[in-house]
Each structure stands twice: as structure tokens, then as C-alpha cells.
Amino acid sequence: MSDQLEKLFLADPVRFALEIYYLRFDIEHTEFKTTREGYLMIYRKFYLPGIILHADKECTVRELLSTLKNEESKFVLFIEPK
């Protein structure tokens, strides 16, 4: 999985700079939840997890966010504005 994600991220390294860094250098605090249409990156190094959400369809967003555990109900979410 990490090879596929890294290939996606390297296609646009400026846009995916944080994902590349966490995947390569801080993977022990990082978790990726993926679907065919997107991914959720959860970075748990700090008290509030940082989450990067990458998805185009609302149904994919709902699916990915539904995978979060109850204890992860407070987080900082990073998304691209449309």
C-alpha cells in the first residue's frame, strides 16, 4: 500500500508534501485508511490528531470519516477547498 501511495504523492510532490514526509520519516505515528477514490491520513504524534482527507466524492468522504473511532472525535482536519 505505501508504494502505491508514494507513487500518487510523487506525481505532485508540492501538493502532497506532508504526506510524503510522514510516510517516509514519521510512519510510526501515521496511519492511512484508503479507498479506491481517496484516503484519510491520521497523524497521531500530538494530543489532537492531524487528519488529511483526500477524496472527490461526498460518499467517499462520509465512508472515510465513518472509520474514525469514538476517541478520535476531536481532530484537526486538512482539506483542499473546492
Side-chain angles (χ1 to χ4, degrees):
M1 175 182 76
S2 62
D3 291 339
Q4 293 172 338
L5 285 172
E6 190 165 9
K7 185 177 179 181
L8 168 69
F9 299 154
L10 291 175
D12 191 347
V14 173
R15 179 179 180 188
F16 298 113
L18 284 174
E19 290 92 329
I20 292 169
Y21 178 83
Y22 294 142
L23 185 64
R24 288 185 178 177
F25 302 109
D26 212 358
I27 194 65
E28 65 272 6
H29 296 110
T30 308
E31 176 184 359
F32 287 91
K33 298 181 181 199
T34 61
T35 65
R36 287 188 341 196
E37 295 86 22
Y39 65 87
L40 191 66
M41 187 199 80
I42 305 168
Y43 184 68
R44 293 188 176 94
K45 189 171 186 175
F46 304 110
Y47 170 68
L48 288 177
I51 295 180
I52 296 178
L53 173 63
H54 180 80
D56 290 330
K57 298 178 183 177
E58 183 178 341
C59 60
T60 305
V61 171
R62 289 180 186 276
E63 178 185 348
L64 288 167
L65 290 177
S66 73
T67 65
L68 294 174
K69 301 171 190 149
N70 287 337
E71 64 270 13
E72 296 171 333
S73 62
K74 293 180 181 179
F75 52 83
V76 178
L77 178 64
F78 299 94
I79 59 171
E80 279 189 55
K82 295 275 180 182

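Numbers here simply count residues along the sequence, with the first being 1.
- Counting only distance, with no hydrogens or angles, the side chain of Lys33 and the backbone of Thr67 share a donor-acceptor pair below 3.5 Å.
- The closest side-chain heavy-atom distance from Thr30 to Met41 is below 4.5 Å.
- Under the 4.5 Å side-chain criterion, counting only non-hydrogen atoms from C-beta, Glu6 is in contact with Arg24.
- Partners of Tyr22 under the side chain to side chain donor-acceptor pair (under 3.5 Å) rule, at least two apart in sequence or in another chain, do not exist in this structure.
- Taking 4.5 Å as the limit, every side-chain heavy atom of Leu5 sits out of range of all side-chain heavy atoms of Phe16.
- Scored by the salt bridge (charged side-chain N to carboxylate O under 4.0 Å, His left out) test, Arg36 finds no partners at all (sequence neighbours excluded).
- Atoms CG and CD, from Leu65 and Glu63 in turn, are 10.5 Å apart once rounded to the nearest 0.5 Å.
- Nearest approach of Glu19 to Phe32, heavy atoms of both residues: O-CZ, 4.4 Å.
- Atom CG of Leu40 sits about 12.0 Å away from atom NE2 of His54, to the nearest 0.5 Å.
- Evaluation of the side chain to side chain donor-acceptor pair (under 3.5 Å) rule for Glu28 yields no partner, not counting sequence neighbours.
- Taking each heavy atom of Ala55 and Thr60 in turn, the nearest pair found is CB-CG2, 3.7 Å.
- Summarising the geometry of Lys45 relative to Tyr43, their closest heavy-atom pair is CD-OH, 2.9 Å, with the distance given to 0.1 Å.
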